[in-house]
Chemist: 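If you scroll down you'll find the structure; I have some questions about it.
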Amino acid sequence: MKNAEIARIFQEMAEMLAFLGENPFRVRAYAQAARTLADLEAPIEAVAAQGTEALEALPAIGPDLAAKIQEYLHTGAIQAHARLAQQVPQGILEVLRVPGVGPKTAKLLWDRLGVNSLETLQAALASGRVRGLPGFGEKKRRHLLENLALAETAAQRRPLGAVLGQARALLEQVRAQPGVVQAEVCGSLRRYRETVGDLDFLIATEKPAEVLAALVRLPGIADVEAVGENRATVFLQGGLQVDFKTVPPAAWGSGLQYLTGSKAHSIKLRTLAQKQGLKLNEYGVWRGKARLAGEDEEGVYRALGLPWIPPPLREDSGEIEAAQGGRLPRLVTLQEIRGDLQVHSRWSDGKASLLELAQAAAKLGYEYLAVTDHSQSLKVAHGVPLDKVQARLKEIRQVNEQTGGKPYLLAGAEVEVLADGSLDYPEKVLRGLEVVLVAVHSHFHLSRAQQTKRILRALEHPAVHILAHPTARMLGVRKELEADWEKIFRRAQALGKALEIDGYYDRMDLPDTLARQAGGMGLLFSLSTDAHQLDHLRFMELAVGTAQRAWLGPQQILNTRSLAALLDWLRAVRG
DNA sequence: GCCGTTTTCGGCCCGACTGTTTTCAGTCG
């Protein structure tokens, strides 16, 4: 799958064109095309195979960029990109990562001082050679010098689950400030994107300046980048950027819409408003000077002739058209989840006992919990050896007796898919378990054909129910497996088996785009946390968020079913 | 470079903040 590679090339081209002072709309066209590629569910190769018309049907892809995509797929490079790279020194792209340095500043520094890397930028700033350049005063020099250190962390995106707790804690502090009427975390966090670049707080208040002045002094804030009448930008210790945006309480709804984005979704909404003779901004929906909406988000969408669109759908990936056509999906909610279908106990590499897990699940109101310890050959995770399998089953039964089956522990395992696709326990052992997950934890670099064959073989084993964290990717650590996912999804569908959406924060696997593709094919999903300790059970929120981004409703989620219905399904899969 | 119940050419979302400017350019979200 070349989507990410081509997206990166288009993004670089956008940055280089901006540096060269090209038409900003042309720059934006490349950046939008990059986003289209990055968000595309299907492999771009598959789209291209259907012909140039199919490529041009993608948003922000026209004849020129379609040809460049074809060129890359045929030759492995794009000549126009190479030509730009000859005109723009390599290090300019990293200089552009420094907050406060945009294309104009980078060009000026290159033309006048030969700045072509973070090192030469540092030298130019520290030596004071920048003084006298147009627009460069002492404040700006010091400001950029400070921001140099942020070039790496500021541009970096972090797993959603790694910042969610921090964001919620900060939200409590924001809400506690005098003068704050309402506050919410918006941005990609509210949309449940798998990674977030910053935290965006919306604050309704009558006294914005006072509130912002107090907020930028909260503990944990390392650096104040900017603070004005309506907005402030700070960096937390650790480098995470936080934006505080205030609106009057009467503009709460339009503020939520504005700050939640995505950018592409908002741009399309504003264009839609224009066509109706309206204007949409963070303060409301306007016809001339008359404000038609803004109090709440529902009203904002209603004024544009649309039903409210849930944040996880707001990516300009068909949701506005679906809303116009009355075809928005009814999304699954966290409240509908009746149990967790992958957790680990002390029998393998988990920290909690079976009883502790059952008690924690009871607190969450779950009806059931699948305990799925690793199988024997995953030594690093202390996979349960064959001679311990029966003892483990016995303890599961004991806990169920002790708790009266509330919640009911399902005896399960996360079974290794070996290199050839065979499974890590004999069939008799697998048949003795109520739920069997299969998962890849090794041999990540097989060829696409071999990997596909291996996964299909595992899936086809008659005792298997669920393919766990199918792509085996780890955010920021390991890429997705190379495999023919469409083929795997089709086979799973035919076999009546389920795919997992693993909400563990650095897995988030299936990823939203693949889950949406599989969902469109009618597949069934199992949501899980892959918990290895009690507080990991909270990651169900991330699994549900991912399912929502995949447009999935409760009927497609296995663990919205009652225990009886789930047990029926588990038995039926085995025929 | 893309796109079309405004347009196949001429548009392209809208506003805030900073530092420098004395009315604005650049950057950012």
Side-chain angles (χ1 to χ4, degrees), chain A residues 10 13-15 17-19 21-36 55-69 80 96-109 130-144 147 154-155 186-188 196-202 208-209 212 216 224-234 241-247 251 254-255 257-286 304-305 316 324:
Chain A
F10 283 168
M13 290 181 76
E15 289 169 14
L17 288 166
F19 175 80
E22 262 285 351
N23 174 0
F25 297 107
R26 188 167 172 235
V27 171
R28 203 178 80 177
Y30 275 90
Q32 282 177 326
R35 189 62 200 267
T36 293
L55 285 175
E56 289 184 30
L58 295 173
I61 306 291
D64 184 272
L65 294 180
K68 288 187 166 70
I69 291 170
L96 287 167
R97 304 272 174 276
V98 178
V101 177
K104 296 287 201 297
T105 306
K107 184 69 162 43
L108 181 71
L109 290 167
V130 293
R131 265 192 284 268
L133 292 183
F136 260 91
E138 179 56 15
K139 270 191 177 175
K140 188 163 183 171
R141 187 189 75 86
R142 276 211 311 273
H143 184 66
L144 292 184
N147 282 0
C186 300
S188 44
V196 298
D198 62 7
L199 301 179
D200 297 301
F201 287 84
L202 181 72
L212 288 175
V216 300
V224 179
E225 169 77 5
V227 51
E229 289 283 312
N230 298 296
R231 198 162 62 80
T233 297
V234 302
Q241 182 178 329
V242 175
D243 294 321
F244 297 114
K245 163 80 184 171
T246 63
V247 289
S254 44
Q257 195 293 310
Y258 160 80
L259 205 59
T260 300
S262 67
K263 198 167 192 172
H265 175 88
S266 290
I267 287 176
K268 190 165 253 185
L269 278 191
R270 287 172 179 198
T271 308
L272 197 64
Q274 273 192 334
K275 286 177 186 160
Q276 301 173 44
L278 306 174
K279 186 175 80 170
L280 169 64
N281 61 21
E282 59 263 54
Y283 304 112
V285 180
W286 307 80
L304 302 176
D316 188 22
Q324 287 173 320

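In what follows, chains are A, B, ... by sequence order, proteins preceding strands, each numbered from 1.
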Chemist: With sequence neighbours left out, what residues match A/His143 under side chain to side chain contact (heavy atoms under 4.5 Å, CB included)?
Modeler: A/Asn147, A/Glu225
Chemist: Just how far is it from atom CG of A/Leu202 to atom OG1 of A/Thr246, taken to the nearest 0.5 Å?
Modeler: 8.5 Å
Chemist: State the CD-NE2 distance between A/Gln257 and A/His265, to the nearest 0.5 angstrom.
Modeler: 5.0 Å
Chemist: Give, for atom OG1 of A/Thr105 and atom CG of A/Leu144, the distance between the pair rounded to the nearest 0.5 Å.
Modeler: 7.0 Å
Chemist: B/dC13 and B/dC28: how far apart are their C1' atoms, nearest whole angstrom?
Modeler: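 Pairwise C1' distance, B/dC13 against B/dC28, rounds to 14 Å.
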Chemist: Taking NZ, NE, NH1 and NH2 as the nitrogens, is one of them in A/Arg28 or A/Glu22 under 4.0 Å from a carboxylate oxygen of the other?
Modeler: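 Judged by the 4.0 Å cut-off on N to carboxylate O distance, A/Arg28 and A/Glu22 do not form a salt bridge.
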Chemist: Which is true for A/Tyr283 with a 4.0 Å heavy-atom rule: it touches a base, it touches only sugar-phosphate, or it touches nothing?
Modeler: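 Sugar-phosphate: the residue A/Tyr283, judged by heavy atoms under 4.0 Å, touches backbone atoms but no base.
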Chemist: In the strands shown, is B/dG19 matched to any nucleotide by a Watson-Crick or G-U wobble pair with both distances under 3.5 Å, and which?
Modeler: B/dC24
Chemist: Identify whether any heavy atom of A/Pro99 sits under 4.0 Å from a base atom; if not, whether one sits that close to sugar-phosphate; answer base, sugar-phosphate or nothing.
Modeler: sugar-phosphate
Chemist: Return a single string for nucleotides 20-26 of chain B, one symbol per nucleotide in 5' to 3' order, where B is base contact, S is sugar-phosphate-only contact and - is none, cutoff 4.0 angstrom on heavy atoms.
Modeler: S-----S
Chemist: Once you round it to whole Å, what is the distance between C1' of B/dG1 and CD of A/Glu22?
Modeler: 10 Å
Chemist: What distance, rounded to whole Å, do you find between the two P atoms, one in B/dA16 and one in B/dG11?
Modeler: 25 Å
Chemist: Contact between A/Arg35 and A/Lys263 at the side-chain level, heavy atoms closer than 4.5 Å - yes or no?
Modeler: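 SC-SC contact between A/Arg35 and A/Lys263 ruled out.
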Chemist: Could you tell me if the side chain of A/Lys68 sits less than 4.5 Å from the side chain of A/Phe10, heavy atoms only?
Modeler: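 Yes, at least one pair of side-chain atoms sits under 4.5 Å.
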Chemist: Mind checking A/Val98 for me? I need base, sugar-phosphate or nothing, with any heavy atom below 4.0 Å counting as a touch.
Modeler: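 Sugar-phosphate, no base atom in range.
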Chemist: Rounded to the nearest Å, what distance is computed from the CG atom of residue A/Leu144 to the C1' atom of nucleotide B/dT27?
Modeler: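 The distance from CG of A/Leu144 to C1' of B/dT27 comes to 11 Å, rounded to the nearest Å.
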Chemist: Using atom C1' of each nucleotide, how far apart are B/dT21 and B/dC17 to the nearest Å?
Modeler: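 To the nearest whole Å, 15 Å.
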Chemist: Over how many whole Å does the gap from A/Asp243 atom CG to B/dT27 atom C1' extend?
Modeler: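 Those two atoms, CG and C1', are 13 Å apart.
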Chemist: Between B/dT27 and B/dT20, how far apart are the two C1' atoms, rounded to whole Å?
Modeler: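 Rounded to whole Å, the distance is 14 Å.
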Chemist: Which whole-number value in Å describes the distance from A/Glu282 CD to B/dG29 P?
Modeler: 15 Å
Chemist: Would you give the length of the straight line joining atom NZ of A/Lys268 to atom CG of A/Asp316, rounded to the nearest 0.5 angstrom?
Modeler: 4.0 Å
Chemist: What nucleic acid atoms does A/Val227 come within less than 4.0 Å of, heavy atoms only: base, sugar-phosphate, or nothing?
Modeler: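 Sugar-phosphate contact only - A/Val227 comes under 4.0 Å of backbone atoms but never of a base.
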Chemist: Taking the same atom, C1', in B/dC12 and in B/dT6, what whole-Å distance lies between them?
Modeler: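 It works out to 13 Å between them.
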Chemist: CG of A/Leu212 to NZ of A/Lys245: how many Å apart, nearest 0.5 Å?
Modeler: 9.5 Å
Chemist: Using a 4.5 Å cut-off on heavy atoms from C-beta on, say whether the side chain of A/Leu199 contacts that of A/Phe244.
Modeler: no
Chemist: Which value, in whole Å, describes the distance between the C1' atoms of nucleotides B/dT8 and B/dC3?
Modeler: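 One C1' to the other, the span is 9 Å.
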Chemist: To the nearest 0.5 Å, what is the distance between CG on A/Asn23 and CG on A/Leu17?
Modeler: 9.5 Å
Chemist: Rounded to whole Å, please give me the gap between CD in A/Gln241 and C1' in B/dC17.
Modeler: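 Nearest whole value for this atom pair: 13 Å.
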Chemist: Round to a whole Å and report the spacing from CZ of A/Arg142 to P of B/dT18.
Modeler: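 Spelled out: CZ on A/Arg142 to P on B/dT18 is 15 Å.
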Chemist: What's the CD-P distance between A/Glu225 and B/dA16, to the nearest Å?
Modeler: 18 Å
Chemist: Roughly how many Å apart are B/dG15 and B/dG10, using the P atom of each and rounding to a whole number?
Modeler: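 So the two P atoms sit 26 Å from each other.
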Chemist: Closest-nucleotide mapping onto DNA chain B: is A/Thr233 or A/Lys279 further toward the 5' terminus? I mean the 5' end.
Modeler: A/Lys279
Chemist: Round to a whole Å and report the spacing from CG of A/Leu259 to C1' of B/dG15.
Modeler: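 Those two atoms, CG and C1', are 13 Å apart.
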Chemist: What string of B, S and - do you get for nucleotides 2-13 of chain B, 5' to 3', if B is base contact, S is sugar-phosphate-only contact and - is no contact with any protein heavy atom under 4.0 Å?
Modeler: SS--S-----BB
